[in-house]
Amino acid sequence: MLGRPDVARDLIEGLLLDRGLGRGFAQDVEREARAVAKKTIEVTAGRRDLTGLPTFTIDPTSARDFDDAISAERLGGDPARGDDPTSEGPAGSDPTQPTRVWVHIADVCAYVPEGSLVDLEARRRGTSVYVPGAVEPMLPEALSNGACSLVPGVERAAVTVELELHGATVAKAAFYRSLIRSDERLSYERVDEIFAGRERAREPWAEPLAVAREAAAALEEGRRQGHSGALTLDSSEPEFVFDDDGHVEEVLVRVQTESHRLIEHLMIAANEAVARLLSERGTPCLYRVHERPEPERVKRLVEQLSSLEVPTPPVPKNMSPSQAAELMGKISRLVEAHVSRAGARAALTSLLMRTLQRAVYSPKNSGHAGLGTAHYCHFTSPIRRYPDLVCHRALLSAVGGGGSAPRAAGMGELAEWTSDRERAAMTIERDADDVACCFALERVLYERGFEQTFAGEVVGLIAAGAFISFGSPAEAKDAPAADGALPVYRGMLPVRVMRGAGGEREWWELNEQGTILHGESPGSTLRLGDRIEVRVARVDVARGRVDLLPAG
């Protein structure tokens, strides 16, 4: 018995079961996880003791499993660590001063040996699946939310990537097993409040947070300046608030902020450093590969953007894949600048994303075009992604941290499997978000009336109609995005109900670039990124679908 189909949490639970998720672990797997979680003394023995190093985590407010923690200092010595201090005073925010950043990642493979029952089940799942109000974890709770999670105030086993940064350059990198103790569990929202000056950071983590902020800013600027093909794409995602009965109370839109970018850039730096070492040592592992975009698809993107009067760079007559990648980086920056002036973020970002190749796992290091780096792997989330666990085993074997390297035989098959599991998880998560959004929309309609008019943005076009993201900043209950709009819901506006400039129904045709619907009468057009007012005709919560009507 799952419950009632008119309760969001129950229906989402049914969706997870329908998509083949187990919703729990077999008893022998749970038993093994609970047993190994109790072996804290054996797991934490013989490690480099960093428990005296100020350390913090930054995660979503709703997070329960904490993969990563951060420590940072300006170089010049720390008496507590036995170093010889050479600085004469506070360094302030000098971006040129070298810094040291420690990225601590939960040492999951200390608890999950290869071939164990927990490992085999984690490999089968491939990834955790996060949906509104629920999660299907890759690891049992005794590990994911317990022994492996870097909760504050408790000693935890970690694998540390220690980076010496000179601006955006990683001058030195060290890798080792460590023992850490987080001093504070921070959320993205709280860190943004600190950065805005509305909350005061506390010791001992105040100074390390400031240093980490400077280091991340230097890495971000270095990526913009040094990797011409690196993409600039800001994203947003929904976050749902449930009441005690399992109903969706509201849906928020979380936009990417400085706190998100801080963690993102430090994690990217750690992932790059690990991938570079594994590539140089020739240790079998799973790389995160993002192939360069196809030149023909980039040319089509330029045509699409030009049809929307969005500035684009010159296109070489005979474009190579490397030129296509470099051009995509330039396009993304021009689009970002255009969005900051004119809006249409969701529509233009969607165009960019559809042009790119899909990132996958591979035993062959082919580089990551989206990040503009020759070496990349996923290392920083071993609680929720199996490829990260594989990279932990590979790294520890390469640096003498214990254990043997993963076997090269079968690595290609594992890459395909984990890539497939990732795609399946993303589909489930997207569909569950759509269902939760429909429940939230129904609540709004019941409270405000079914004649409610919504402001929307055209985010997709097909011959049969327009896909509209709609909602308003007041309903989103969050800081407005750069272009002033925070669409919450998504629906379809069929051409059969659309009206022309004179208010009459007419025939609509999609242009060759797929960016504009043209009506029969002069002035009747609907373009990607256009603002439009709509009403809701029908909500199908079980399928996560919304049919729309023009507001007029």
Side-chain angles (χ1 to χ4, degrees), residues 16 21-22 25 29 33 57 59-60 63-69 103-114 116 118-131 134-141 143-150 157-159 161 237 260 263-264 266-275 278 283-290 358-363 365 368 370-371 375-396 406 410-430:
L16 296 180
L21 300 188
F25 292 84
V29 176
T57 61
D59 291 279
R64 296 174 61 193
D65 52 350
F66 309 127
D67 286 291
D68 54 88
V103 178
H104 313 288
I105 307 300
D107 191 354
V108 175
C109 58
Y111 292 92
V112 185
E114 187 172 8
S116 65
V118 175
D119 176 62
L120 294 175
E121 179 62 16
R123 179 185 175 121
R124 186 188 70 81
R125 295 180 178 223
T127 182
S128 296
V129 181
Y130 296 89
V131 300
V135 59
E136 176 79 350
M138 186 181 79
L139 298 174
E141 187 174 359
L143 296 175
S144 61
N145 296 344
C148 294
S149 186
L150 306 182
V159 178
V161 179
E237 57 185 30
H260 294 83
I263 292 298
E264 177 184 3
L266 295 183
M267 296 303 116
I268 288 174
N271 286 335
E272 280 186 293
V274 171
L278 294 177
T283 306
C285 71
L286 291 178
Y287 294 97
R288 183 64 169 178
V289 169
H290 188 217
R358 185 190 296 272
V360 296
Y361 296 107
S362 172
N365 180 25
H368 196 293
L371 294 173
H375 309 278
Y376 200 67
C377 69
H378 275 169
F379 171 80
T380 53
S381 296
I383 290 178
R384 63 184 181 90
R385 292 188 305 225
Y386 195 78
D388 300 54
L389 186 53
V390 173
C391 287
H392 271 243
R393 290 169 179 154
L395 174 69
L396 291 173
M411 195 62 70
E413 182 180 350
L414 181 58
E416 290 184 11
W417 170 252
T418 51
S419 296
D420 287 344
R421 296 313 304 154
E422 178 189 50
R423 286 192 292 271
M426 291 173 63
T427 300
I428 294 170
E429 290 168 353
R430 183 187 64 238

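Just so you know, residue 1 is the first one in the sequence shown, and it goes up from there. Since the structure is predicted, the reported quantities are computational estimates derived from the model, not experimental observations.
Under the salt bridge (Lys or Arg N to Asp or Glu O under 4.0 Å) rule, E136 has a single partner from R384, R421, R125, which is R125.
The side-chain hydrogen bond (donor to acceptor under 3.5 Å, both in side chains) check on E141 picks up R64, with sequence neighbours excluded. Remark: D59 engages no residue in a salt bridge (charged side-chain N to carboxylate O under 4.0 Å, His left out) (not counting sequence neighbours). Every residue meeting the side-chain contact (heavy atoms from CB on, under 4.5 Å) condition with R123, not counting sequence neighbours, appears here in chain and number order: Y386, L414. For E264, the side-chain hydrogen bond (donor to acceptor under 3.5 Å, both in side chains) partners two or more places apart in sequence, or in a different chain, are Q256. Not counting sequence neighbours, the partners of R124 by the side-chain hydrogen bond (donor to acceptor under 3.5 Å, both in side chains) test are E121. Scored by the side-chain hydrogen bond (donor to acceptor under 3.5 Å, both in side chains) test, D68 finds no partners at all (sequence neighbours excluded).
With 3.5 Å as the limit, one finds a donor-acceptor pair spanning the side chains of H375 and N365.
A donor-acceptor pair is defined here as one N or O able to donate and one able to accept, closer than 3.5 Å; such a pair exists between the side chain of D388 and the backbone of S381. Between the side chain of E429 and the main chain of Y130, a donor-acceptor pair closer than 3.5 Å is present.
Of all the heavy atoms in C285 and C391, the pair that sits closest is CB-SG, 4.3 Å.
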**Item:** Residues H392, I105; criterion side chain to side chain contact (heavy atoms under 4.5 Å, CB included); working and verdict
**Value:** CA-CA 9 Å; H392 271 243; I105 307 300; 3.5 Å; yes
**Prompt:** Between F25 and V118, does a side chain to side chain contact (heavy atoms under 4.5 Å, CB included) hold up when you go through it step by step?
**Reply:** CA-CA 9 Å; F25 292 84; V118 175; over 6 Å; no
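Of the charged side-chain nitrogens involved, none lies within less than 4.0 Å of a carboxylate oxygen, so that R358 and E422 do not count as a salt-bridged pair.
Proximity of the aromatic rings of H368 and Y287 is defined here by a centroid distance below 6.0 angstrom, and this criterion is not met.
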